[in-house]
2 protein chains.
Amino acid sequence: MLTDRQLLILQVIIEDFIHSAQPVGSRSLSKKDEITFSSATIRNEMSDLEEMGFLEKTHTSSGRIPSEKGYRYYVDHLLSPQAPKKNEMKLLKSVFVERIYELEKIVQKSAKILSELTNYTAIVLGPKVNEHKLKKIQIIPLSPETAIAIIITDTGHVENRMISLPPSFDINEIEKMVNILNARLVDVPLTDLKDKIYKEVAVLLSRHIQNYGSMVSVLADTLTDTKPEKIFFGGKTNMLRQPEFHDIAKVSTLLSMIEQEQGFYELITQNPTGIHVRIGRENQNTVLDDCSLITATYSIGQEQVGTLAILGPTRMEYSRVISLLSFFSRDLTTLMTKLYQK
Amino acid sequence: MLTDRQLLILQVIIEDFIHSAQPVGSRSLSKKDEITFSSATIRNEMSDLEEMGFLEKTHTSSGRIPSEKGYRYYVDHLLSPQAPKKNEMKLLKSVFVERIYELEKIVQKSAKILSELTNYTAIVLGPKVNEHKLKKIQIIPLSPETAIAIIITDTGHVENRMISLPPSFDINEIEKMVNILNARLVDVPLTDLKDKIYKEVAVLLSRHIQNYGSMVSVLADTLTDTKPEKIFFGGKTNMLRQPEFHDIAKVSTLLSMIEQEQGFYELITQNPTGIHVRIGRENQNTVLDDCSLITATYSIGQEQVGTLAILGPTRMEYSRVISLLSFFSRDLTTLMTKLYQK
DNA sequence: ATTAGCACTCAGAGAGACAGAGTGCTAACA
DNA sequence: TGTTAGCACTCTGTCTCTCTGAGTGCTAAT
């Protein structure tokens with residue numbers, strides 16, 4: 001439906017606009033090497049492209065800027081994947097050379113590097129904790145009424161939570177209880193803990209522990225109230241560098257949304273495996289009307305565990321970001337699989 | 001050296017400017033209830049105050065704004081402490097009514113509430129971890145080469161770190177080692193751990209564990225590489241709401257500094273106990289030239305453990321913020337003392 | 001010592017002019 | 001018939017000018 005020439009023009013306009021942030025006019029286009037025809041011809045084609053909804057004008061006699069539909073077409077059909085440059089690769093790999101083991105630290109560092117490399121905001125969804133299996137439970141009494149429960153998963157994730165002991169609870173029975181818990185619950189996925197506690201462990205505890213009743217519910221609550229997967233951000237204020245956000249009123253709601261890290265969980269987990277691009281209003285959130293979000297997933301073995309995302313203006317360097325994300329998610333998957341696959 | 005009338009004028013100008021963010025003119029001043037003399041008189045006094053360095057003009061025929069020296073004088077001599085309002089008090093107290101036990105969560109919530117109450121950026125320095133004493137060490141093997149070390153302090157702080165086991169290390173000896181460590185190191189302040197490991201524990205380990213040498217250094221490194229006290233922020237983007245920062249160029253370096261949380265540790269730990277105000281260039285940091293920082297300390301028992309701080313424009317509601325901080329730090333001290341004092 | 005009055009200053013808003021970059025349309029061209 | 005040259009037109013951004021309002025500083029009167 002689009003001629004080759006129209007495709008070329010659309011592509012060049014979008015790529016020009018991505019770098020200049022200025023509406024692109026026919027005359028400046030005609031000067032480019034890849035364009036061999038005159039500005040008048042370009043004007044005609046532009047006019048057609050506008051009619052079809054791929055381009056827009058900011059005012060009657062301005063140059064053209066891509067519409068959301070234009071970006072969408074560009075992303076779907078015109079992208080030329082470009083391998084990251086040497087020095088970019090080096091920076092990417094730097095996440096992996098340091099000997100870091102904790103999942104969360106790797107994830108955090110990833111967010112930092114991705115944001116530095118792109119100059120956009122990086123959002124990385126950490127590993128899904130509750131699909132991991134229990135390695136060990138520890139309960140350490142602090143005072144007659146309080147104790148710390150520590151849960152260690154097979155992926156090296158440690159979570160700890162204060163619990164208040166039931167008043168009737170005999171502190172000396174903690175060790176006994178912990179033994180029972182460990183004997184029964186090791187290798188159980190975190191999601192199944194609650195169930196298992198009520199179904200199996202409660203009975204056991206009742207045999208050995210006095211006043212076990214209230215303790216069971218405290219335990220069950222504590223152990224299953226696992227945090228949702230943690231989100232890490234990098235370059236939260238990078239949006240300020242984009243010329244389209246040089247207006248405080250516009251950027252401030254966006255920045256507070258980013259600061260509070262709210263709503264991003266749903267936003268970046270909507271997509272299945274692979275790389276996905278959501279442009280402007282496709283995000284279904286007025287705050288993000290001028291933003292695009294690119295998401296990629298990473299895995300441990302076959303199991304998808306997390307998401308990488310880059311949030312930038314709709315005028316985003318799609319091909320660069322997509323390449324970076326696809327390289328990075330592949331490397332991250334390799335690393336994670338090596339480190340954590342059973 | 002300043003007459004009562006000059007003091008009154010200075011105070012009214014500052015308080016007016018704090019609320020309006022506009023230069024204050026003689027005529028608008030003369031209309032205020034507390035001012036009984038004419039605008040011409042005020043002009044004369046203003047001129048004197050300017051000569052003495054307490055006021056400034058933005059241009060030759062503008063109204064006056066306070067200088068740093070003016071704010072300083074105001075903070076030192078003219079502040080009228082005002083008790084927080086009922087609903088503010090209620091919000092303040094809300095940190096304490098929920099049954100949260102972990103120090104860090106209390107601290108984090110404090111930052112949030114302080115920032116919401118003031119509309120400025122709150123910075124809260126968490127408890128000094130390494131002055132706390134070791135309650136328990138756990139080492140849990142994950143794979144033949146890696147294990148997790150978990151350190152629990154008497155204040156309920158849990159830290160965990162992956163360690164890579166020396167290749168020659170026999171995984172079955174971990175339990176033995178942990179027992180030795182716990183027998184020797186419990187109740188030792190975190191700061192003294194390294195010393196104690198080399199001086200006392202190494203000898204013991206050498207008797208019971210093969211290849212103890214490399215393990216000792218791994219342990220010592222791991223256990224003493226404690227993070228510095230953690231800093232929590234609230235309202236990181238609140239600066240955007242201040243009219244003096246309605247210019248992106250001005251605010252963006254400030255915001256990135258806040259985002260990276262860098263440099264604030266030194267900034268807010270400079271002061272001894274009590275409430276301190278640093279105004280504009282007193283902060284010794286060009287990025288903060290237009291900002292003021294108010295710090296307060298809180299304690300557990302007699303031991304000072306942390307700092308609360310509010311970062312705002314130099315045109316800050318000093319008296320309100322100071323009152324809030326002093327109330328809050330007192331309450332926080334009470335709570336922490338009750339919860340954690342031995 | 002205080003105040004009224006007046007000349008002066010400056011920022012900010014609004015109007016008009018102008019250059020530059022762009023468009024759309026028409027007519028000529030290959 | 002598709003392409004191009006040419007021209008009239010449009011809109012933005014910038015500059016300048018003017019005007020107003022809010023302010024000052026100074027002087028003379030109270």
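Letters go in sequence order (proteins before strands), and every chain restarts at 1.
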* Asked: Going from CZ on A/F245 to OG on B/S252, what distance comes out if it is rounded to the nearest 0.5 angstrom?
  -> 14.5 Å
* Starting at atom CG of A/L55, determine the distance to atom C1' of C/dG22, rounded to an integer number of angstrom. => 14 Å
* Structure fact -> Sequence neighbours excluded, the answer for salt bridge (charged side-chain N to carboxylate O under 4.0 Å, His left out) partners of A/E68 is A/R281
* Asked: Are A/F264 and A/F233 close enough that their ring centres sit under 6.0 Å apart?
  -> yes
* Answer yes when B/K250 and B/E244 have at least one side-chain N-carboxylate O distance shorter than 4.0 Å, and no when they do not. => no
* Got a sec, which residues hit salt bridge (charged side-chain N to carboxylate O under 4.0 Å, His left out) with A/K32, two or more places apart in sequence or on another chain? -> A/D16
* Do other residues, nucleotides or ligands put more than 12 heavy atoms under 6.0 Å from the CZ atom of B/R320? -> yes
* Asked: Are OP1 or OP2 of D/dA22 and a side-chain N or O of B/K57 less than 4.0 angstrom apart?
  -> no
* Please work out whether the ring planes of B/Y73 and B/F54 are parallel, tilted or perpendicular, with thresholds of 30° and 60°. => perpendicular
* Counterpart residues, side-chain contact (heavy atoms from CB on, under 4.5 Å), relative to B/Q260 (two or more places apart) -> B/S256, B/Q262
* Of the residues in residues 4-30 of chain B, which ones touch DNA chain D at a heavy-atom distance under 4.0 Å? -> B/G25, B/S26
* **B/Q284: partners by side-chain contact (heavy atoms from CB on, under 4.5 Å), with sequence neighbours left out** => none
* **Contact pattern, 5' to 3', of nucleotides 14-19 of chain D - B, S or - by protein heavy atom under 4.0 Å** => ------
* May I have the distance from B/F37 (atom CZ) to C/dT3 (atom C1'), rounded to whole angstrom? => 13 Å
* Asked: Quick one: side-chain contact (heavy atoms from CB on, under 4.5 Å) partners of A/M89, sequence neighbours excluded?
  -> A/P84, A/L92, A/F327
* **Near-strand residues of residues 41-54 of chain B, defined as heavy-atom separation under 4.0 angstrom from DNA chain D** => B/R43, B/M46
N/O-N/O pairs, protein side and nucleotides 7-11 of chain C side, under 3.5 Å:
residue, atom, partner, partner atom, Å
C/dT9, O3', B/T60, OG1, 3.1
C/dT9, O2, B/S61, OG, 2.5
C/dC10, OP1, B/T60, OG1, 3.2
C/dC10, O5', B/T60, OG1, 3.3
C/dC10, O4', B/S61, OG, 3.2
C/dC10, O3', B/H59, ND1, 3.3

* Structure fact -> Sorted by chain and residue number, the salt bridge (charged side-chain N to carboxylate O under 4.0 Å, His left out) partners of A/E15 (sequence neighbours excluded) come out as none
* Residues forming a side-chain contact (heavy atoms from CB on, under 4.5 Å) with A/H19, sequence neighbours excluded -> A/E317
* To do: Quick one: list whatever passes side chain to side chain donor-acceptor pair (under 3.5 Å) with B/T237, sequence neighbours left out.
  => A/E259
* **Interatomic distance where CD1 belongs to B/I35 and C1' belongs to C/dT3 [whole Å]** => 16 Å
